2 protein chains.
Amino acid sequence: MNNLDFIGKHGKAVSVAKHDYVFMQGDDDENLYAVRSGLLKAYYVSPEGKETIKSFLRPGGMIASLTAAHKKEACTFNLLALEDSQLVKVAFSDLYEAANQTHAIALEMRDFLLVLSMKKEQREYEFLNLSAEERYQKFAHENPELIDQLTQNDIARYLGVTPVALSRIKKRLR
Amino acid sequence: MNNLDFIGKHGKAVSVAKHDYVFMQGDDDENLYAVRSGLLKAYYVSPEGKETIKSFLRPGGMIASLTAAHKKEACTFNLLALEDSQLVKVAFSDLYEAANQTHAIALEMRDFLLVLSMKKEQREYEFLNLSAEERYQKFAHENPELIDQLTQNDIARYLGVTPVALSRIKKRLR
DNA sequence: TCAATTTTTTAACCTGGGTTAATTACAAAT
DNA sequence: ATTTGTAATTAACCCAGGTTAAAAAATTGA
């Protein structure tokens, strides 16, 4: 189910009800979370109160505020449950240390970070090369289930446009 | 100098003159490159011929087309020398295998990928949350040397705008 | 030094998306 | 069923940035 064996063995279960926060921007939560069930969103809020969504998390997904976890800084984004969710957490530093001690764990971590890097490069590609309309089409195509589960507001904030703009894009496409 | 000991020991030197390609979009170059000297740009070209820049590479930097290297697909971008450059390369699969065998190498790889992930998250943040003007100011602030070395064209294509737009942004700021 | 080329700026015009606000459509709860 | 709140659509207006083209400035090379 989960790529990180270490989390299975050493993780602590965390349950969050719909609309609960796992952590908030400004916290210093240094944990890595693996999602077992449910649906969550990781999102930034700007000083002016504007929201943008970094990613959606579904079962099998993992997330940590890497800067918070690794550089001991405050979390730069919020993690909020969109549905009742079950997660498992471990202190990032424990995982990091365990990898230093144990080859197999270092490999798990490498593979996790390789997948994460590829995902983030993909997103970079989309922002650099695709229009908002194309990003929407790609997202809809790759995440047919999410399209119904999420509000248009959240989808728009993930794509980097306003909900009003996304409404116009959808109209254009039909 | 270089974080990846493995490359120092097993890498092959590669020299490229200014305006030479290290690899091109469509190639299946499965190597990881570490930059020893010089300056390069990694960039996409769309089917319509539009260019966008993924990243600039300076001494100490490392790059691979991760999908090409790991998933055995074709490179999705070009790597071009903006100045005469020296690089060292290793087959990504050799590095991956060596990490499987040797704990220390797995750790080097983990650390490299952790840094890469953090950089890419940073860029995601910038596209999601900053205007073109703010991205330019941040880039100029964090890369004072590059600002003189690069053409405005390249800076613009890195920021995700046209050179004309960047010229306007600079005018606005002075 | 002068011609050729590349880079940068400027201008005119257009378009996608932001903003605000009002309207409509849905959903949940009593 | 009716209220209450939330989500989505629409409209009007504005602006940043795209596009095209021309002009000016800076580099490069012979």
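Everything numeric in this text was worked out from a predicted model, so none of it was measured. Below, chain A is the first sequence line, B the second, and so on; all start at residue 1.
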Calculate the interatomic distance between A:Y136 atom OH and D:dA8 atom C1'; express it in whole Å. 12 Å
In this structure, how many angstroms lie between the P atom of C:dG18 and the CG atom of B:N129, rounded? 13 Å
Ring centers of B:F23, B:F77 separated by less than 6.0 Å: yes
Minimum-distance nucleotide to A:T151 side chain [options: C:dT9, C:dT8, D:dA8]: D:dA8
Take the protein atom CD1 of A:I155 and the nucleotide atom P of D:dT9, then report the distance between them rounded to whole Å. 10 Å
Nearest whole angstrom, please: distance from the C1' of C:dT6 to the CG of B:D154. 12 Å
Go through the steps for A:N143 and A:Y158 under the test side chain to side chain donor-acceptor pair (under 3.5 Å), then give the verdict. CA-CA 13 Å; A:N143 304 279; A:Y158 175 79; over 6 Å; no
Atom CD1 in B:I7, atom CG in B:D94: separation rounded to 0.5 Å? 11.5 Å
Just how far, in rounded Å, is P of C:dA28 from NE2 of A:H19? 11 Å
How long is the line joining CG of B:D148 and P of D:dA26, in whole Å? 15 Å
Could you go through nucleotides 12-22 of chain D and list every protein N or O atom that sits under 3.5 Å from one of its N or O atoms, giving the distance for each pair?
residue : atom : partner : partner atom : Å
D:dA12  : N6   : A:R168  : NH1          : 3.4
D:dG17  : OP2  : B:R172  : NH1          : 3.4
D:dG17  : OP2  : B:R172  : NH2          : 3.0
D:dG18  : OP2  : B:T162  : N            : 3.1
D:dG18  : OP2  : B:T162  : OG1          : 2.9
D:dG18  : N7   : B:R168  : NH2          : 2.5
D:dG18  : O6   : B:R168  : NH1          : 2.9
D:dT19  : OP1  : B:K50   : NZ           : 3.0
D:dT19  : O4   : B:R168  : NH1          : 3.4

Protein-nucleotides 3-5 of chain C N/O pairs closer than 3.5 Å?
none

Residues A:E121, B:K120: salt bridge by 4.0 Å N-O rule: no
Any carboxylate oxygen within less than 4.0 angstrom of a Lys/Arg side-chain nitrogen, looking at B:E51 and B:R157? no
Hey, does the side chain of A:Q152 come within less than 4.0 Å of D:dT6's phosphate (OP1/OP2), counting only N and O? no
Exam field: side chain B:T102 to backbone B:I105, donor-acceptor pair closer than 3.5 Å: no
What nucleic acid atoms does A:R135 come within less than 4.0 Å of, heavy atoms only: base, sugar-phosphate, or nothing? nothing
Do B:S15 and B:Q86 pass the side chain to side chain donor-acceptor pair (under 3.5 Å) test, and can you show the C-alpha distance, the side-chain angles, and the key distance before you say yes or no? CA-CA 5 Å; B:S15 284; B:Q86 311 267 0; 2.9 Å; yes
Whole-Å gap separating C1' (D:dT27) and NZ (B:K18): 10 Å
Do the ring planes of A:Y44 and B:Y125 sit parallel (below 30°), tilted (30 to 60°) or perpendicular (above 60°)? perpendicular
Mutual orientation of the aromatic rings belonging to B:F92 and B:H70 [parallel < 30°, tilted 30-60°, perpendicular > 60°]: perpendicular
Can you measure A:N153 atom CG to D:dA8 atom C1' for me and round it to whole angstrom units? 10 Å
